[in-house]
There are 6 protein chains.
Amino acid sequence: MNQHVVVREIARAEAAHVTALGSYGVATVHEAQGRTGLLAAYMRPIYTGAALCGSAVTVLVPPGDNWMIHVAVEVCKEGDVLVVAPSSPCSDGYFGDLLATSLKARGVRGLIIDAGVRDVATLTEMKFPVWSKAVWAQGTVKASLGSVNVPIICAGQRIEPGDVIVADDDGVVAVARAEASTVAAAAKKRIDGEEAKRKRLAAGELGLDLYDMRGKLAALGLKYI
Amino acid sequence: MNQHVVVREIARAEAAHVTALGSYGVATVHEAQGRTGLLAAYMRPIYTGAALCGSAVTVLVPPGDNWMIHVAVEVCKEGDVLVVAPSSPCSDGYFGDLLATSLKARGVRGLIIDAGVRDVATLTEMKFPVWSKAVWAQGTVKASLGSVNVPIICAGQRIEPGDVIVADDDGVVAVARAEASTVAAAAKKRIDGEEAKRKRLAAGELGLDLYDMRGKLAALGLKYI
Amino acid sequence: MNQHVVVREIARAEAAHVTALGSYGVATVHEAQGRTGLLAAYMRPIYTGAALCGSAVTVLVPPGDNWMIHVAVEVCKEGDVLVVAPSSPCSDGYFGDLLATSLKARGVRGLIIDAGVRDVATLTEMKFPVWSKAVWAQGTVKASLGSVNVPIICAGQRIEPGDVIVADDDGVVAVARAEASTVAAAAKKRIDGEEAKRKRLAAGELGLDLYDMRGKLAALGLKYI
Amino acid sequence: MNQHVVVREIARAEAAHVTALGSYGVATVHEAQGRTGLLAAYMRPIYTGAALCGSAVTVLVPPGDNWMIHVAVEVCKEGDVLVVAPSSPCSDGYFGDLLATSLKARGVRGLIIDAGVRDVATLTEMKFPVWSKAVWAQGTVKASLGSVNVPIICAGQRIEPGDVIVADDDGVVAVARAEASTVAAAAKKRIDGEEAKRKRLAAGELGLDLYDMRGKLAALGLKYI
Amino acid sequence: MNQHVVVREIARAEAAHVTALGSYGVATVHEAQGRTGLLAAYMRPIYTGAALCGSAVTVLVPPGDNWMIHVAVEVCKEGDVLVVAPSSPCSDGYFGDLLATSLKARGVRGLIIDAGVRDVATLTEMKFPVWSKAVWAQGTVKASLGSVNVPIICAGQRIEPGDVIVADDDGVVAVARAEASTVAAAAKKRIDGEEAKRKRLAAGELGLDLYDMRGKLAALGLKYI
Amino acid sequence: MNQHVVVREIARAEAAHVTALGSYGVATVHEAQGRTGLLAAYMRPIYTGAALCGSAVTVLVPPGDNWMIHVAVEVCKEGDVLVVAPSSPCSDGYFGDLLATSLKARGVRGLIIDAGVRDVATLTEMKFPVWSKAVWAQGTVKASLGSVNVPIICAGQRIEPGDVIVADDDGVVAVARAEASTVAAAAKKRIDGEEAKRKRLAAGELGLDLYDMRGKLAALGLKYI
């Protein structure tokens with residue numbers, strides 16, 4: 001039941017859908033799939049303006065042990081995003097600039113890690129985006145096994161290998177691989193609708209009128225004084 | 001006892017006092033009113049260098065429900081600051097760029113929210129300052145009522161409609177409307193005194209001497225070795 | 001047992017070793033001394049890119065009382081770093097721009113404080129780096145004694161006066177004064193080795209091969225699918 | 001603005017209303033006043049089964065300084081509850097068995113403190129109930145002033161001297177003095193209604209039917225599969 | 001993608017396996033399935049000595065809204081355990097003694113809730129065990145839909161309807177329905193082995209010898225001084 | 001610098017002083033040594049009424065790895081207390097009833113661990129007291145080395161092998177071995193003084209008078225209204 005495995009080949013979503021989802025941003029994608037898929041609020045980017053989209057290569061690591069991240073590099077492909085979760089909560093700095101150099105050489109777009117990261121000045125210079133629970137220099141060992149490309153829970157969200165990951169200043173959202181196309185379409189529709197609303201709101205129209213809320217508010221008993 | 005109300009008209013402090021308080025900054029205003037009025041340390045600006053002052057329009061919202069923020073927009077005036085508190089702790093992203101567009105169209109200067117905010121990249125571009133407990137894309141619903149312009153507890157501080165809000169990189173402070181003039185005067189006095197001290201300290205004079213502390217320290221028994 | 005003392009003269013590490021340690025950065029120094037010496041992950045710089053090295057002048061302060069920081073200024077010398085810990089957990093803003101002005105006049109390089117700091121906009125302008133547990137305007141009093149230049153526990157790490165402090169975006173690490181030379185040498189060796197690895201990884205070589213991990217992974221039972 | 005005062009005489013609610021509110025318990029009283037008045041979830045009793053009701057004598061204390069609690073004892077009367085809040089967050093053990101002995105001698109029913117408490121084994125033996133943020137032996141000093149019987153914010157709730165405090169295993173709720181009678185009546189009505197419901201639910205009737213929810217759920221689109 | 005559904009019929013594990021797993025306890029079951037399946041450490045029982053096992057009926061609820069728990073009651077059967085997770089983090093008191101009365105009437109064994117619970121004195125008297133993130137009287141509304149018997153993430157663990165839940169003073173563990181038999185067998189084996197070890201350890205034999213660790217420790221370089 | 005060592009023989013305080021310190025309790029001992037030596041407030045006993053005193057055998061463990069606890073058992077003697085700290089923060093359940101059985105066979109009085117513990121129902125039955133940061137079934141591995149009987153930082157306090165540990169419901173305090181006698185004497189004096197005060201307070205005398213505070217309060221400007 002706890003055999004440690006590395007799955008070499010995984011299915012990925014179509015590149016066009018991944019790119020489209022990335023262009024809509026986290027908040028919109030999250031809304032478009034019914035307010036689901038968001039990682040916990042403590043996952044923050046290491047620099048302002050960081051943004052990425054890609055296919056998840058998942059890594060399950062023991063606390064304080066980053067060995068499996070080295071193993072995972074080999075199975076990553078152009079356009080992937082490494083998604084790392086420890087088997088019990090840990091804030092150690094599992095990842096630094098050497099691993100980033102290696103991932104960048106393979107075309108990996110960034111890292112999502114429910115733990116700590118270090119060398120963030122260098123990672124920022126390299127423009128290698130990371131969303132993490134902590135920034136901390138605390139080192140790790142290489143003594144115990146974990147798994148690569150198995151389903152994991154990362155920051156409160158289940159992520160399967162090949163799921164689409166979108167991340168920006170608002171956080172990180174995962175979209176199931178099979179739903180990438182549908183969610184992208186729903187997100188596009190939402191974006192299109194928002195543009196018109198933005199103009200009307202900027203012109204001073206009230207959301208109360210734009211969204212036709214007054215009747216429902218009155219029905220529930222809201223009193224104006 | 002739990003009737004949901006919207007108070008349309010509130011009294012506000014004189015603009016000159018509001019502007020003066022804003023120019024002194026949070027730390028000085030907080031000291032000037034006897035080290036009171038500060039919101040909790042977890043209230044952080046979404047971008048470095050954000051600063052605002054204005055009159056509070058208060059909003060009490062249910063957890064995960066941002067409907068009343070839409071209601072509050074209508075009662076905001078030029079120079080106001082929206083101050084939002086959930087009725088139980090919540091980190092959801094109650095507020096994004098569409099609401100900011102609407103508030104900006106009415107001259108609102110920014111948002112203080114004891115919960116989450118999203119679309120922060122766009123809010124930063126718009127230079128719409130927000131101090132919040134969290135940055136998170138998690139969406140909200142519009143199903144339950146709250147109140148607008150009632151006294152609220154926001155991040156551990158009681159705020160009444162029309163109180164003066166000052167916020168900068170050091171946090172957020174509230175000044176009771178009726179005390180705006182007195183606190184502004186006390187803050188000015190403090191600022192004036194500090195400038196002279198800054199010069200003497202920069203010249204190498206010790207605070208121990210400048211503040212005449214040596215005698216009191218000795219009296220309490222401090223030993224030098 | 002709780003006599004409050006100020007130790008005026010302390011031993012410091014050789015300047016060359018301090019400078020060398022600073023040039024290697026927190027993550028490398030921490031690894032070079034066997035993954036020890038790191039302060040807790042919640043210690044964060046007030047601005048991105050902050051970095052310092054220097055000799056610790058330690059200050060033990062009561063909760064909500066910054067009097068001893070004023071006392072400590074007098075015993076600081078060019079190249080020192082002030083390291084402050086409260087006797088029980090506290091997030092108050094113990095330190096602002098006036099104290100920084102005073103410390104700067106004496107050549108102090110920055111502040112490490114397991115509590116809060118304020119006036120961070122001004123401190124950033126002054127390029128006076130601070131690593132703290134909180135940014136908060138909450139003021140303090142001057143009523144009770146503490147000690148200067150006694151061993152303290154700061155953010156989970158014991159620090160003795162004269163220990164070398166290195167801080168950057170990855171956190172804060174302390175090196176025992178007596179080990180400064182040895183750790184600097186070990187860090188240099190590490191840095192030299194990393195450069196070669198970085199090039200090979202950038203060229204696409206896998207860490208699995210570079211670090212010769214495949215055999216050990218197989219021996220522990222890792223399965224590839 | 002920060003003058004330290006002790007208000008000797010305060011108005012209190014009628015004893016009958018206080019007793020009635022205590023008999024209904026925290027959850028019911030909180031519901032009866034429109035889901036308001038509750039202190040934060042981290043306020044926990046020091047022993048299981050602790051319960052009290054009484055009139056608030058409020059104390060504002062500096063961080064790490066319990067002097068004003070000694071001052072407050074003198075103004076307490078039979079049936080009061082001491083409600084203590086620090087001016088900035090603190091977990092120190094402000095209160096122990098000697099203070100409890102003194103309060104008990106005056107007929108005080110217990111303590112609500114948004115900080116720490118110690119000697120809990122003895123307090124439990126004495127059956128002196130305390131709700132606190134922490135249990136911790138960390139001592140305090142007696143060096144700075146605060147105030148007694150001024151409005152305070154305790155664990156996120158504003159409490160005025162004389163407000164009714166009800167506390168049990170579910171937490172702590174405050175009822176404004178002027179509303180004690182109305183809330184007691186509303187709570188009684190609620191309790192009476194619940195007894196009937198409890199019997200029907202125990203007999204196997206479903207809440208869906210008892211509360212007539214099926215139609216509304218269907219209208220909102222809930223699907224059964 | 002966010003359709004709200006109630007799945008009326010779910011598959012459950014065989015009663016014998018559920019009972020067996022319950023008899024082994026959380027720590028053993030967690031080890032027996034390879035150190036997986038454990039809910040987060042903050043899930044604590046409302047009374048000491050609480051213990052249960054059963055089949056999960058899962059409930060996804062909006063923040064501050066317990067309507068779907070009422071819906072879930074109807075689909076529960078004898079031997080079930082209600083497992084509730086909010087769609088975003090919340091500590092409100094979703095559950096009290098009326099709901100417990102209703103569940104008990106249907107033979108439900110207890111509640112696991114990644115949120116708050118109230119009426120804990122009554123629940124303890126009723127011997128209705130609950131593991132929760134918080135004990136808090138804060139009330140909820142009945143305004144928005146969620147789902148019943150869909151896969152949920154509860155306290156960091158994915159739980160599917162029908163999974164076996166085991167809970168005791170050490171926490172809560174979930175076992176996939178399909179693996180109940182295998183895990184029960186592995187747990188039994190583990191328990192049997194432990195009894196013999198306990199006797200030898202109680203007699204003073206060292207774990208170092210019992211587990212034959214000395215050689216491996218020496219090989220890794222452990223030095224005795 | 002990171003050599004892993006086990007120190008077999010350590011000096012311990014005289015049994016009489018250890019016993020005396022235990023009889024005074026944590027709060028008194030902490031006060032008697034000048035309000036120092038207390039571990040962090042999050043260290044809580046697994047059962048109410050737990051209390052111990054003894055000599056510290058210290059263990060430094062890697063995150064998620066309890067191997068060194070097995071190593072430490074061998075060097076423990078009658079009257080010792082095991083004090084365990086992870087090299088980076090961790091809440092895993094490092095310790096359970098088998099280890100407790102082994103320690104009990106050697107006369108060890110209990111465990112202080114800045115991490116998690118499990119099997120707490122059994123530990124409670126065995127009356128083996130534990131103070132920990134968490135109760136959690138999460139298992140650990142045996143793959144990496146740490147050290148035994150080196151100075152450690154446990155829950156914010158530096159502890160050297162042989163230091164006296166006193167723990168009860170108020171928390172955990174450490175007394176330096178060399179100061180055991182002096183602190184015990186100071187604690188005794190304190191206890192003796194308290195008994196007289198308790199009687200006077202119980203008789204209704206005010207602390208304000210007993211401690212002669214009125215003059216000093218007036219001098220600082222406290223106003224009675």
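In this text the structure is predicted, and so the values were computed from the model without any measurement. Just so we're on the same page: letters track the sequence lines, and every chain starts at 1.
Heavy atoms only, all atoms of each residue included: C/Leu208 and A/His70 are closest at CG-O, 3.8 Å. Taking every heavy atom of both residues into account, C/Lys216 and A/Lys142 meet most closely at NZ-O, 3.7 Å. Considering every non-hydrogen atom in both C/Ala202 and A/Ala105, the closest pair reads O-CB, 3.5 Å. Between A/Arg106 and C/Leu206 the shortest heavy-atom distance is NH1-CD2, 3.6 Å.
In this structure, the portion of C/Arg44 lying under 4.5 Å from any heavy atom of chain A is its side chain and not its backbone. Looking at C/Tyr42, neither its backbone nor its side chain comes within 4.5 Å of chain A, counting heavy atoms on both sides. Contacts of A/Ala143 with chain C are made by backbone atoms alone, with heavy-atom separations under 4.5 Å and no side-chain atom involved. In this structure, the portion of C/Ala40 lying under 4.5 Å from any heavy atom of chain A is its backbone and not its side chain. For A/Asp97, the part lying near chain C is the side chain, with the backbone staying farther off; criterion is any non-hydrogen pair under 4.5 Å. At a 4.5 Å heavy-atom cutoff, C/Leu210 makes no contact with chain A through either its backbone or its side chain.
Atom-to-atom distance recorded for C/Lys197:NZ and A/Thr101:OG1 is 12.5 Å, nearest 0.5 angstrom. For the atom pair CZ of C/Arg198 and CG of A/Leu98, the computed distance is 5.0 Å after rounding to the nearest 0.5 Å. A/Leu145 CG to C/Leu220 CG: the interatomic distance, rounded to the nearest 0.5 Å, is 5.0 Å. How far CD of C/Glu31 is from OG1 of A/Thr140: 7.0 Å, rounded to the nearest 0.5 Å. Atom OH in A/Tyr47 sits 12.5 Å away from atom OG1 in C/Thr48 (nearest 0.5 Å). Note: C/Leu38 CG to A/Gln138 CD = 5.5 Å, rounded to the nearest 0.5 Å.
Contacts of residues 126-136 of chain A with chain C at a heavy-atom distance below 4.5 Å involve A/Val135, A/Trp136, listed in sequence order. Heavy-atom neighbours of chain C within the stretch residues 157-168 of chain A, taken at a separation under 4.5 angstrom, are nonexistent.
Using a cut-off of 4.0 Å between Lys/Arg side-chain N and Asp/Glu carboxylate O, A/Arg118 and C/Asp169 are scored as not salt-bridged.
Counting heavy-atom neighbours within 6.0 Å of A/Glu9 CD, excluding the residue itself, gives a total of 12 or less. The 12-atom threshold is not exceeded at CD of C/Glu14, counting heavy atoms of other residues, nucleotides or ligands nearer than 6.0 Å. Around atom NZ of C/Lys104, more than 12 heavy atoms belonging to other residues, nucleotides or ligands sit under 6.0 Å away.
Contact tally against chain A (heavy-atom pairs below 4.5 Å) for C/Val172, C/Leu39, C/Thr28: the top residue is C/Leu39. Counting heavy-atom pairs under 4.5 Å between each of A/Val71, A/Asn149, A/Val141, A/Val73 and chain C puts A/Val71 at the top. No other option in C/Ala41, C/Gly207, C/Gly171 has as many heavy-atom pairs under 4.5 Å with chain A as C/Ala41.
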Side chain to side chain contact (heavy atoms under 4.5 Å, CB included) between C/Ile225 and A/Val6: does it pass, once the steps are laid out?
-> CA-CA 6 Å; C/Ile225 303 180; A/Val6 181; over 6 Å; no
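For C/His30 (side chain) and A/Gly139 (main-chain N/O), a donor-acceptor pair under 3.5 Å exists by modelled atom type. Distance alone, capped at 3.5 Å, is enough to place a donor-acceptor pair between the C/Asp170 side chain and the A/Val120 backbone.
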